[in-house]
2 protein chains.
Amino acid sequence: MRAAETAPAPTAQRVREAAFELFAERGYHGTGIRQLAERAGLSSASLYHHMGSKEELLGALMRESLERLLAEAQAVAARESDPGERLCALVRMHVRSHGERPLETRVVDGEVAALTGPVRAEVVALRDRYEALWHATIDAGLDAGQFHVTSPALARRALLEMCSGVARWFDPAGPTALPDLAEQYVDLARALLGATATAGRRVDGDTPRPVEISEGFSRSRAPR
Amino acid sequence: MRAAETAPAPTAQRVREAAFELFAERGYHGTGIRQLAERAGLSSASLYHHMGSKEELLGALMRESLERLLAEAQAVAARESDPGERLCALVRMHVRSHGERPLETRVVDGEVAALTGPVRAEVVALRDRYEALWHATIDAGLDAGQFHVTSPALARRALLEMCSGVARWFDPAGPTALPDLAEQYVDLARALLGATATAGRRVDGDTPRPVEISEGFSRSRAPR
DNA sequence: GCGACCCGATCGATCGATCGATCGATCGAC
DNA sequence: GTCGATCGATCGATCGATCGATCGGGTCGC
């Protein structure tokens, strides 16, 4: 029955959320298990019924985050065949994902060094697979003559670094809504890659706003 | 002569270098006083003859790094009056600085949260002054009609994030030398800002030197 | 002998982790 | 319907280790 689901919030879920908050806020090594227990609303001893160890908890969180990001990227790749459109969709997905879950991103990007052993290797491998998807898309766009950059590897790194930064400063209460921000990042990415001014700027799903095509760099949208 | 300088390496300097290495490698909270002492080649007790506390040491390192970066940026701003050229010079300086001293950058960018109180405010203020210099340059370029972006604030953040990333992956033993890399970043920055192809450096029409880097992009870091 | 520099020993606090015990819910046996 | 057995979840208490920091005393150049 649906009634079987615990009403308020499963303890394990509260632990995960508390861990994301504290690890993002004070870092993995800067967070004690007592703080973690307090934030999650139980004792430090009870914590160990929901996790193997502090490091295993971190590893599980990072792996889950990366697996979802990779799955979303693979879905995008399966949906968009044209390299230009695929890259735009990747940027859109990446920016939205990072803007919606900034805590996860800060932990994933900043605490890899805190992991050791096979778990770390697994996380690094997941991240590499995600980046390989971007690299392949950029290469395809270059082969198709849609992009114009001297070094695809450099462009990929610059692009990813730039897009991931969203998680470090985006404020959902700010003047720019996340879907609009994602579209601005698409424009930046296209400019950075020297993309030809073909289409590829459609907004999928829940954004009803009609997009005016700007061939180079438009001033059509308000800065706010 | 500078005979006053101790020949091998002043202890205080060794401590600073060890701190940069360890803080960048394992994080501030992940580094113990004893590890720091061992790396610097003295006892943990002697460490306190060269620093007030662990946090004061971190604060001093970050302040010095940021003060030098800011000074270099101010020198660039005083030298270049044209917004387009000034921004190119800023990018060049930023990339070179971050490529030459990656440890400092990783500490400055990643350990701000480890600071507390007035020291933290001071470091944040320094970082803000540095970013304000970029922002003013981008605004000036927009007013002069040299750049074409919808949001200068967004462009500034994307630009800085992209350029700082160099410190996280640049390998001096790699195929691309740092000055060449800086020029590639200048090109990327100009493309990102929609810069008019007038004043700047070489436009990507005919680059005098066909730089290409093709190192494998799945460069997994060893799990230690 | 004085100050700069360094050390071994040790402080109280906190770290991550474990222990045995308790509580309420569930279940099969009768 | 009731009773003991079992279970997942939680707790207070506490473990040994390590944390950042301090102290008193040593060594050496001046």
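Order of the sequence lines sets the chain letters (A, B, ...), proteins ahead of strands, with each chain counted from 1.
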inquiry  = Only Watson-Crick and G-U wobble pairs with both distances less than 3.5 Å should count. Give DNA chain D in dot-bracket notation, marking inter-strand partners with |.
reply    = ||||||||||||||||||||||||||||||
inquiry  = Please tell me whether A:Arg101 and A:Ser97 have a donor and an acceptor in their side chains that are separated by less than 3.5 angstrom.
reply    = yes
Using modelled atom types only, decide if a donor and an acceptor are shared between the side chain of [X] and the backbone of [Y] within a distance under 3.5 Å.
X: A:His98; Y: A:His94; result: yes
X: B:Gln13; Y: B:Pro10; result: no
X: A:Thr31; Y: A:Leu22; result: yes
X: A:Arg86; Y: A:Glu80; result: yes
X: A:Glu104; Y: A:Ser65; result: no

ask   = Any salt bridge (Lys or Arg N to Asp or Glu O under 4.0 Å) pairs touching residues 44-63 of chain A, not counting sequence neighbours?
value =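 Residue pairs passing salt bridge (Lys or Arg N to Asp or Glu O under 4.0 Å), neighbours aside: A:Arg63-A:Glu122.
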DNA chain D contacts among residues 111-118 of chain B, heavy-atom distance under 4.0 Å =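 Close to the strand, none.
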For residues 70-77 of chain A, which side-chain N or O atoms pair as donor and acceptor with protein atoms under 3.5 Å away, sequence neighbours left out?
none

task = Name all residues meeting the side-chain hydrogen bond (donor to acceptor under 3.5 Å, both in side chains) criterion together with B:Ser81; count only those two or more places apart in sequence or in a different chain, and write none if there are none.
result = none
ask   = Rounded to the Å, how far apart are B:Glu38 CD and C:dG8 P?
value = 13 Å
task = Using a 4.0 Å cut-off on protein heavy atoms (strictly under), produce a 5'-to-3' string for nucleotides 9-25 of chain C with B for base contact, S for backbone-only sugar-phosphate contact, and - for none.
result = ------BBBBB------
ask   = Quick one: are B:Val107 and B:Leu61 in side-chain contact, heavy atoms under 4.5 Å?
value =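 They are not in side-chain contact.
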